[in-house]
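Okay, structure first, notes after.
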Amino acid sequence: MKVLACIPHFFGPNPKFSGGSSHRATLSGAQLAAIKDRRTTYLNRTRDSLSALQTLGAEVTLRLCGVSEQRSLVPLDWSFPDLENPTLLVYEVLERMAGEGLSYDYALCVEDDVILPAETFERIVEFDRTS
């Protein structure tokens with residue numbers, strides 16, 4: 001079973017949205033460092049949960065997706081530097097996945113602070129077999 005797993009990720013000031021990975025440009029260095037540390041921890045947990053799908057025998061292709069390296073906490077596999085509004089990132093990722101997803105059995109787009117337990121994905125696969 002082949003799985004394409006994408007994580008849309010953005011970190012930086014965002015006038016269009018106030019979420020966990022967006023912040024004000026006026027934060028102190030210590031405040032910004034604390035946010036970066038917390039968001040990196042969340043992102044790594046998300047990445048680890050998707051990589052763990054390999055324990056089910058899945059061949060997982062993991063793609064970290066973002067606007068640019070300057071607006072990300074980690075190196076990106078897919079970047080969308082022409083995207084002016086980072087709240088639209090997930091739609092850009094889904095469009096690219098649609099173009100590449102045909103060679104995969106499953107395509108997952110998981111936010112950068114969500115954990116997908118292997119057991120949950122296993123239930124999805126089982127449901128597909130019987131439904």
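Interatomic distance, NZ of K36 versus CZ of F11, reported as 6.0 Å (0.5 Å rounding). Atom CD of E92 sits about 10.5 Å away from atom CG of N85, to the nearest 0.5 Å. From D113, atom CG reaches atom CG of L43 across 9.0 Å, with rounding to the nearest 0.5 Å.
Linking Ile, Leu, Val, Met, Phe, Trp and Tyr whenever their side-chain heavy atoms come within less than 4.5 Å leaves Y42 and F10 in two separate clusters. In the hydrophobic clustering of this structure, F121 groups with V60; members are Ile, Leu, Val, Met, Phe, Trp, Tyr whose side-chain heavy atoms approach within less than 4.5 Å, directly or through other members. Residues M1 and L53 share a single hydrophobic cluster, defined by chaining ILVMFWY side chains whose heavy atoms lie under 4.5 Å apart. Grouping the Ile, Leu, Val, Met, Phe, Trp and Tyr side chains by contacts below 4.5 angstrom, directly or via other members, places Y106 with L62.
The main-chain N or O of P81 is never found under 3.5 Å from a side-chain atom of S79 such that the two would form a donor-acceptor pair. Side chain of T55 to main chain of A52: a donor-acceptor pair is present (N/O by atom type, distance under 3.5 Å, no hydrogens or angles). Distance alone, capped at 3.5 Å, places no donor-acceptor pair between the D37 side chain and the A33 backbone. Using modelled atom types, one side-chain atom of D77 and one backbone atom of L64 make a donor-acceptor pair closer than 3.5 Å. In terms of modelled atom types and a separation under 3.5 Å, the side chain of S72 and the main chain of G66 share no donor-acceptor contact. T120 places no side-chain N or O within 3.5 Å of a backbone atom of L116 that could act as its donor or acceptor partner. Side chain of H9 to backbone of L73: a donor-acceptor contact under 3.5 angstrom is found. Counting only distance, with no hydrogens or angles, the side chain of D105 and the backbone of K2 share a donor-acceptor pair below 3.5 Å.
The local environment of CD in E95 is sparse, with at most 12 non-hydrogen atoms from other residues, nucleotides or ligands closer than 6.0 Å.
Looking at every heavy atom in both residues, W78 comes nearest to V93 through CZ3-O, 4.3 Å. Minimum interatomic distance between L76 and V67 (heavy atoms only, all atoms of both residues): CD1-N, 4.3 Å.
Under the rule for a salt bridge (Lys or Arg N to Asp or Glu O under 4.0 Å), E122 has no partner lying at least two apart in sequence or in another chain. Applying the side chain to side chain contact (heavy atoms under 4.5 Å, CB included) test to I115 and every residue at least two apart in sequence or in another chain returns R45, S49, P117.
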query = Does the pair V125 and L56 meet the rule for a side chain to side chain contact (heavy atoms under 4.5 Å, CB included), with working shown?
reply = CA-CA 10 Å; V125 173; L56 303 175; 6.0 Å; no
inquiry  = Applying salt bridge (Lys or Arg N to Asp or Glu O under 4.0 Å) to R96 and E100, what does each step give before you reach the verdict?
reply    = CA-CA 6 Å; R96 180 137 181 213; E100 298 198 17; 3.1 Å; yes
task = Kindly indicate, with the supporting measurements, whether the criterion side chain to side chain contact (heavy atoms under 4.5 Å, CB included) is fulfilled by L108 and L4.
result = CA-CA 6 Å; L108 307 171; L4 173 61; over 6 Å; no
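Ionic pairing of D112 and R47 is not present here: no N-O contact between side-chain nitrogen and carboxylate oxygen is shorter than 4.0 angstrom. Classification of E126 and R123 as a salt-bridged pair fails, no side-chain N sitting under 4.0 Å from a carboxylate O.
Across C109, C6, C65, a single residue satisfies side chain to side chain contact (heavy atoms under 4.5 Å, CB included) together with V90, and that is C109.
Sorted by first and then second residue, the side chain to side chain donor-acceptor pair (under 3.5 Å) pairs with a member in residues 60-70 read T61-Y104, S68-Q70; sequence neighbours excluded.
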